[in-house]
Number of protein chains: 2
Amino acid sequence: MPAPQPPASPDVPAPETPDDPAPAAGTAARAKGRPRSAAADRAILDATREALAELGWGGLTMGHVAIRAKVAKTTLYRRWPSKNELVVDAVAILFDDLVMPDLGSLRADIEAVVAQFADLLARPESQAALLALFAEGTRDPHLRRRIREAIVDPQKRLVRQGRAAAQARGELAADTDPRTAGEEIDIIFDTIAGTVEHRVLVSGEPITADWTRRFTDLLLGPFPSLLSG
Amino acid sequence: MPAPQPPASPDVPAPETPDDPAPAAGTAARAKGRPRSAAADRAILDATREALAELGWGGLTMGHVAIRAKVAKTTLYRRWPSKNELVVDAVAILFDDLVMPDLGSLRADIEAVVAQFADLLARPESQAALLALFAEGTRDPHLRRRIREAIVDPQKRLVRQGRAAAQARGELAADTDPRTAGEEIDIIFDTIAGTVEHRVLVSGEPITADWTRRFTDLLLGPFPSLLSG
DNA sequence: CTGCTTTCGCTACGAGTCGTAGCGTAACTG
DNA sequence: CAGTTACGCTACGACTCGTAGCGAAAGCAG
């Protein structure tokens, strides 16, 4: 789901909301001129991820991407207004096929989700890109929203689903207070996502099965030797 | 503690280790020509932090920093070989005056440490800079080491001290296995640092006293409504 | 097939940044 | 004083960004 520039309409400012309501469903609504090449879209996004993995964020230039995708630089700018937006779409694809494990126990589900996060973050094309996007997001609320929608929310959905599944299995007490349930899920998610991000992206250390087990221990109960009582 | 370029020695490659052994202690060992202006160092680092807070990482240019610090651009390059190194030193200063709270209870200490992290990360001059540095660090092992030494390790020291203090007070069981004690501390630190980073830097949401309390609940024991047993 | 519309590839451009080189001058030592 | 080093200044080549203008290609309506 790229974020195409308003596809031509010469001067209509196009409402700032990124949710295009009309021209989506099914086939293109009205195509009057030469249609945009879908192949070019894929080539550009693929080239972006490849360049990202090879050169990192700093080495990624629009010119390189254009050459690699066998596309004119102008074509690139016709669809994505900036490097940031392009990289969001290129990286977001990686987060599209997140699946909820549902392995039958809360512990197994958590460990599977952690492993899934870790694998995603370990990819060379996402390493620097994610952090650089987060960095830009701190100054650009629009970009932060897009990051949240395309990358963070899909992950959070997994945690929420896992919690619901565990609750259905009777592993969890009933929601104490409906008002605070959302905040609890937020804290749990921030903890899982943040810890994995820190270890993989900042420390650069791998996430092993053993580490995952220990971390899940911490999440599910008192840390083995942390508290005596 | 800046990381000055080898201060002149025309061709000696200067061992890659950033720990300069000799010329540190006390006053300068041997100064033959015009000494480097310490005021310029401070002015550059101050200007870097100011520009960082105003313009963010992307807007920060060496030219601007030089003008703001009333220093020639060449002077800037004589001391820091790249933007990354300069920003590491500029930001690392913020982490210099970390203090271990030692409030008398493990819970209070954890909450104080979390609040301290949160305050540091909430500063406008560190927001984008830290993430951008982390991003570069994923591709530059040397930079990652410097980040670890200047920014991550000081934080980890706090957590380690807090754990030792709690142990001395009898709040913690004795170390189960000396070999795994280090790993435990690592997991706890990664969890605290990563969660705070994610919430502040990625989600952009503030860390309130209430949130800190809930998070500490999660760390110290089973999450209130997470596990029934 | 003939217009009409929109996209595409290409070239060129101005603005901005990076990092370096060269030069004369300032500061400090012996 | 001479010797050494840092400093400010200017200029430079290489690179990137994002845009403009043009002719050609690819579809659609009649």
Side-chain angles (χ1 to χ4, degrees), chain A residues 2 4-12 14 23 27-44 47-48 51-52 55-87 132 136 140, chain B residues 2 4-12 14 23 27-44 47-48 51-52 55-87 132 136 140:
Chain A
Q5 290 285 80
S9 31
D11 254 355
V12 181
T27 60
R30 278 295 122 214
K32 271 208 277 197
R34 172 176 178 177
R36 282 199 174 168
S37 162
D41 270 338
R42 273 184 289 107
I44 292 173
T48 302
L52 224 39
L55 312 168
W57 172 271
L60 180 76
T61 70
M62 302 299 255
H64 287 162
V65 172
I67 294 174
R68 199 181 210 116
K70 293 194 180 60
V71 152
K73 200 172 53 160
T74 38
T75 298
L76 220 157
Y77 277 106
R78 284 189 192 104
R79 309 183 182 205
W80 287 274
S82 75
K83 196 164 144 177
N84 292 337
E85 307 271 346
L86 171 60
V87 175
E136 298 293 326
D140 181 349
Chain B
Q5 291 284 79
S9 30
D11 253 352
V12 180
T27 61
R30 276 296 121 213
K32 270 207 277 195
R34 173 176 177 175
R36 281 200 175 169
S37 162
D41 271 337
R42 273 184 288 109
I44 292 173
T48 302
L52 223 38
L55 311 168
W57 173 271
L60 181 76
T61 70
M62 302 297 256
H64 288 162
V65 172
I67 293 176
R68 200 181 209 114
K70 293 195 179 61
V71 153
K73 201 172 54 162
T74 37
T75 298
L76 219 159
Y77 279 105
R78 283 188 192 106
R79 309 183 180 203
W80 288 276
S82 76
K83 196 164 144 177
N84 292 336
E85 306 272 346
L86 171 60
V87 174
E136 297 294 325
D140 181 348

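As a basis for the values below, the full set of heavy atoms in this structure was taken, side chains included, without hydrogen atoms, waters or symmetry mates. In what follows, every chain begins at residue 1, and chains take the letters A, B, ... in the order their sequences are listed.
- Applying the side chain to side chain contact (heavy atoms under 4.5 Å, CB included) test to B:Ala43 and every residue at least two apart in sequence or in another chain returns B:Ala69.
- Distance NZ (B:Lys32) to C1' (C:dT29): 10 Å, rounded to an integer number of Å.
- Partners of A:Thr74 according to the side chain to side chain contact (heavy atoms under 4.5 Å, CB included) rule, which considers only residues two or more places apart in sequence or in another chain, are A:Ala72, A:Arg78.
- With sequence neighbours left out, the side chain to side chain contact (heavy atoms under 4.5 Å, CB included) criterion links A:Ser37 to A:Ala39, A:Ala40, A:Arg79.
- Atom CD in A:Glu85 sits roughly 11 Å away from atom P in D:dG18 (whole-Å rounding).
- Rounded to an integer number of Å, the gap from CZ of B:Arg79 to P of D:dA6 is 9 Å.
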Using atom names, set out every protein N or O paired with an N or O of nucleotides 17-22 of chain C below 3.5 Å, distance rounded to 0.1 Å.
residue	atom	partner	partner atom	Å
C:dC18	OP1	B:Met62	N	3.4
C:dC18	OP2	B:Met62	N	3.2
C:dG19	OP2	B:Tyr77	OH	2.9
C:dG19	N7	B:Lys73	NZ	3.3
C:dG19	O6	B:Lys73	NZ	3.0

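- Look at CZ on A:Arg34: it is 6 Å from P on D:dA26, rounded to the nearest Å.
- Counting only heavy atoms from C-beta on, A:Pro35 has its side chain closest to D:dG27 among C:dT5, D:dG8, D:dG27.
- B:Trp57 is listed as a side-chain neighbour of B:Lys83, based on a closest heavy-atom distance under 4.5 Å.
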Would A:Leu60 and A:Leu55 satisfy side-chain contact (heavy atoms from CB on, under 4.5 Å), going step by step from the backbone distance to the final call? CA-CA 6 Å; A:Leu60 180 76; A:Leu55 312 168; 5.6 Å; no
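- Put simply, CD1 on A:Ile44 is 14 Å from P on C:dT7, counting in whole angstrom units.
- B:Arg68 meets the salt bridge (charged side-chain N to carboxylate O under 4.0 Å, His left out) test with B:Glu50, B:Glu54; sequence neighbours excluded.
- The distance from atom CH2 of A:Trp80 to atom P of C:dT7 is 14 Å, rounded to the nearest whole Å.
- Per the geometry, NZ belonging to B:Lys70 stands 17 Å off P belonging to D:dC7, to the nearest Å.
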